[in-house]
Amino acid sequence: ASQAMPLAVLALAVVVPLGAFVLYLDLGSPHLPGQPLAERHAGATSGTGQDEALVAQLAERLKERPDDAQGWTLLARSYGTIGRHEDAVAAWRNVRRLTPASAEALGGLAEALTQAAAGTVTPEAARLFEAVSQAEPTEPRSRFYLGLDRKSTRLNSSHTDISRMP
């Protein structure tokens with residue numbers, strides 16, 4: 001019985017990978033080229049030419065209808081999606097101008113400000129996230145960014161304290 005255990009482990013160590021390989025050959029796609037992570041991320045975060053053209057059309061349409069809050073919201077989200085965060089900030093400011101009490105407008109502007117600052121929650125963004133949190137205490141986006149800001153503040157203050165040590 002004591003010799004059967006190591007033999008069973010050895011058999012499993014050979015059979016399981018071999019079975020996985022055979023299953024991959026049958027169900028997988030070994031003939032497809034590799035997709036490096038960096039290329040997948042670059043493709044996911046940059047807008048295509050078609051995306052850019054559609055966003056430009058929407059921006060032109062809003063020049064004719066500057067009081068279209070729904071259009072500005074769509075434009076702001078689109079800018080954020082294609083990585084044009086400064087433009088998203090400007091569009092969210094228009095949404096906020098048209099719907100000042102909207103928690104969505106406050107949160108969208110705060111998130112765009114944070115993204116435009118390379119992920120740093122700016123003081124203005126923190127104030128906006130606080131306002132969203134007051135209006136909608138369970139809103140997850142504001143809770144996430146406020147937690148991120150608190151963690152960053154705590155880390156920065158501890159770094160300052162350490163740097164003061166002799």
Engineer: Could you tell me which non-hydrogen atom of G71 sits nearest to which non-hydrogen atom of L58, and how far apart they are?
Structural biologist: O-CD2, 4.0 Å
Engineer: Can you tell if the side chain of R97 reaches within under 4.5 Å of the side chain of D67, non-hydrogen atoms only?
Structural biologist: yes
Engineer: Is there a continuous path of hydrophobic side-chain contacts, each under 4.5 Å between heavy atoms, that joins L54 to L75?
Structural biologist: no
Engineer: Taking the basic N atoms (NZ, or NE/NH1/NH2) and the acidic carboxylate oxygens, is any pair closer than 4.0 Å for E124 and R93?
Structural biologist: yes
Engineer: Compare every heavy atom of T114 with every heavy atom of A125, then report the nearest pair and how far apart it is.
Structural biologist: CB-OG1, 3.6 Å
Engineer: Does the pair S102 and V95 meet the rule for a side chain to side chain contact (heavy atoms under 4.5 Å, CB included), with working shown?
Structural biologist: CA-CA 9 Å; S102 165; V95 175; 5.6 Å; no
Engineer: Minimum heavy-atom separation for A126 to D149, with atom names?
Structural biologist: CB-OD2, 3.9 Å
Engineer: Heavy atoms only: give me the nearest A116-V89 pair and the separation to one decimal.
Structural biologist: CB-CG2, 4.3 Å
Engineer: Going through the checks in order, is the salt bridge (charged side-chain N to carboxylate O under 4.0 Å, His left out) test met by E60 and K63?
Structural biologist: CA-CA 5 Å; E60 283 300 313; K63 287 180 181 177; 3.1 Å; yes
Engineer: Keeping S133 on the side-chain end and F129 on the backbone end, is there a donor-acceptor pair under 3.5 Å?
Structural biologist: no
Engineer: Is a side-chain donor or acceptor of E139 paired with a backbone partner of S142 at a separation under 3.5 angstrom?
Structural biologist: yes
Engineer: Do you know which two heavy atoms are closest between L148 and G119, and how far apart they sit?
Structural biologist: CD2-O, 3.9 Å
Engineer: Scan L109, L106, L128, L113 and name whichever one has a side chain to side chain contact (heavy atoms under 4.5 Å, CB included) with W92.
Structural biologist: L109
Engineer: Please check this pair: side chain of W72 against backbone of P66, looking for a donor-acceptor N/O pair closer than 3.5 Å.
Structural biologist: yes
Engineer: For A91 and Y79, work out which heavy atoms get closest and say how close.
Structural biologist: CB-CD1, 4.2 Å
Engineer: Is the shortest side-chain heavy-atom distance between R143 and L146 below 4.5 Å?
Structural biologist: no
Engineer: How long is the span from the CG atom in L23 to the CG atom in L18, to the nearest 0.5 Å?
Structural biologist: 11.5 Å
Engineer: In this structure, would V132 and Y145 fall into the same cluster of hydrophobic residues linked by side-chain contacts under 4.5 Å?
Structural biologist: no
